[in-house]
Amino acid sequence: MTHPDLLSLLRQKVTEYNREMGQGGQSRVAEELGYSSAAISQALSGKYRGNLNNLLTRVEEVYGNSTVDCPGLGETITLGKCSQWRKKPFAATNPLRVHMYRACRNCNRR
């Protein structure tokens, strides 16, 4: 997705949550993305001074429907699921988790 598409998706989510809850859509989106409400406001108004690419990547991970071929799982997964695997710390709790930790470390999406 392009930057304008992702900004449009961000705006759409804020509007959707505002319709559901009356207000506070921006805060809910910010919480889901792991950013501050001020950062979301600034991004939507074109005044965000941080790395907009990082914020929009997070928007795509959380709200987008992009998929990637996961070499670790050997299947197509959503970008959000890919992000979840990449962010998990090492824990030898089961063989899949160890396998995915190693696969994600060598993946080019990292």
Could you walk me through whether Leu33 and Tyr63 pass side-chain contact (heavy atoms from CB on, under 4.5 Å), step by step?
-> CA-CA 9 Å; Leu33 296 177; Tyr63 302 124; 3.7 Å; yes
Could you give me the CA-CA distance, side-chain angles and deciding distance for Leu44 and Ile40, then say whether side-chain contact (heavy atoms from CB on, under 4.5 Å) is met?
-> CA-CA 6 Å; Leu44 291 175; Ile40 302 304; 4.1 Å; yes
Report the C-alpha separation of Glu16 and Arg19 in whole Å, then their side-chain angles, then the decisive distance to 0.1 Å, and conclude whether the salt bridge (Lys or Arg N to Asp or Glu O under 4.0 Å) test is met.
-> CA-CA 5 Å; Glu16 180 182 315; Arg19 254 188 251 131; over 6 Å; no
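From Phe90, atom CZ reaches atom CZ of Arg105 across 9.5 Å, with rounding to the nearest 0.5 Å. Taken to the nearest 0.5 Å, the OH atom of Tyr48 stands 12.0 Å off from the CG atom of Leu7. Going from atom OG1 of Thr57 over to atom CG of Asn51 covers 8.0 Å, rounded to the nearest 0.5 Å. In this structure, CZ on Arg97 lies 14.0 Å from NE2 on His99, to the nearest 0.5 angstrom. In this structure, the separation between NZ on Lys88 and SG on Cys104 is 9.5 Å, given to the nearest 0.5 Å. Residue Leu10 holds its CG atom at 12.5 Å from CG of Asp5, rounded to the nearest 0.5 Å.
Linking Ile, Leu, Val, Met, Phe, Trp and Tyr residues whenever their side-chain heavy atoms come within less than 4.5 Å places Val68 and Leu96 in a single cluster. Under the 4.5 Å side-chain heavy-atom criterion for grouping Ile, Leu, Val, Met, Phe, Trp and Tyr, Ile77 is not connected to Val59 through any hydrophobic cluster. Residues Leu52 and Val14 are members of one and the same hydrophobic cluster, defined by side-chain heavy-atom contacts under 4.5 angstrom among Ile, Leu, Val, Met, Phe, Trp and Tyr. If you chain together hydrophobic residues whose side chains sit under 4.5 Å apart, Leu73 and Leu79 fall into the same group. A continuous path of Ile, Leu, Val, Met, Phe, Trp and Tyr side chains, each step under 4.5 Å between heavy atoms, connects Leu56 with Leu9, placing both in one hydrophobic cluster.
A pairwise comparison of heavy atoms in Ser37 and Ser27 identifies OG-OG, 3.9 Å as the closest pair. In terms of heavy-atom proximity, Gln26 sits nearest to Ser41 at NE2-CB, 3.1 Å. Scanning all heavy atoms of the two residues, the minimum distance from Ala43 to Leu55 falls at CB-CD1, 4.3 Å.
Inter-residue side-chain proximity for Asn53 and His3 is flagged as met; some heavy-atom pair is nearer than 4.5 Å. Side-chain contact check for Tyr17 versus Glu32: some heavy-atom pair is nearer than 4.5 Å.
Side-chain atoms of Thr15 come within 3.5 Å of backbone atoms of Arg11 as a donor-acceptor pair (strictly under, hydrogens ignored).
Applying the side chain to side chain donor-acceptor pair (under 3.5 Å) definition to pairs two or more places apart or across chains, those involving residues 67-79 are Asp69-Thr76. Among pairs with a residue in residues 38-59, those fulfilling salt bridge (Lys or Arg N to Asp or Glu O under 4.0 Å) read Arg58-Glu61, at least two apart in sequence or across chains.
Of the charged side-chain nitrogens involved, none lies within less than 4.0 Å of a carboxylate oxygen, so that Arg28 and Glu31 do not count as a salt-bridged pair.
When the side chain to side chain donor-acceptor pair (under 3.5 Å) test is applied to Ser45, no partner is found at least two apart in sequence or on another chain.
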